[in-house]
Amino acid sequence: MTSVCVALLSSLFATASFAKLPEPTPEAKAKAAEAKAKTAWSDKVAAYQLCKSQDKVAAAYLKGKDAKAVVATPACTDPGPYVPEVAAAPVAASAVAATAPASKMPVAIKK
């Protein structure tokens with residue numbers, strides 16, 4: 001009996017995994033793009049901070065050595081402050097309503 005229940009429950013949960021998610025809204029797409037841009041900027045800041053700390057360690061190391069043959073490295077580039085991208089003009093509600101698929105349910109049922 002328990003094996004039948006387990007098989008029934010597993011088939012119930014297996015069908016739920018095939019569900020398809022709806023398309024994201026324009027606001028959700030804009031929010032995701034903004035998060036992606038901010039993450040890219042954060043990565044640039046982290047790389048800049050790493051570069052500066054490596055330069056500091058290298059300078060301290062070379063200070064105690066005879067630095068006759070110092071290899072020139074590229075300068076660290078500061079990414080500057082985070083500036084959010086200007087979002088596209090908000091889409092009018094009527095334009096969104098015009099592109100949205102029509103509901104298959106009737107608006108009012110008369111008896």
Side-chain angles (χ1 to χ4, degrees):
M1 179 67 178
T2 58
S3 63
V4 172
C5 289
V6 169
L8 197 60
L9 284 175
S10 64
S11 67
L12 176 69
F13 289 120
T15 57
S17 67
F18 294 117
K20 187 174 182 182
L21 294 175
E23 286 292 319
T25 62
E27 293 84 17
K29 287 181 183 179
K31 195 173 189 180
E34 181 69 25
K36 186 177 178 181
K38 192 162 190 173
T39 301
W41 175 81
S42 296
D43 291 344
K44 289 178 185 177
V45 169
Y48 172 71
Q49 291 172 343
L50 177 65
C51 181
K52 294 299 278 184
S53 65
Q54 288 174 338
D55 285 351
K56 185 177 177 181
V57 170
Y61 175 77
L62 292 175
K63 188 176 182 181
K65 297 280 184 178
D66 272 339
K68 292 180 182 175
V70 177
V71 178
T73 58
C76 301
T77 55
D78 187 4
Y82 177 70
V83 179
E85 295 180 16
V86 177
V91 180
S94 61
V96 172
T99 60
S103 175
K104 294 183 180 180
M105 301 236 3
V107 176
I109 300 175
K110 296 182 180 180
K111 292 184 181 183

* **Co-membership, hydrophobic cluster, residues Val45 and Tyr82, 4.5 Å side-chain** => yes

* Structure fact -> When every non-hydrogen atom of Lys29 is compared with those of Pro24, the smallest separation belongs to CE-O, 3.6 Å

* To do: Look up atom CD in Glu34 and atom OG1 in Thr39, then write down how far apart they are to the nearest 0.5 Å.
  => 10.0 Å

* Structure fact -> Rounded to the nearest 0.5 Å, the NZ atom of Lys38 sits from the CG atom of Asp43 at a distance of 13.0 Å

* Structure fact -> Minimal heavy-atom distance between Trp41 and Gly80, with the atoms involved, is NE1-O, 2.9 Å

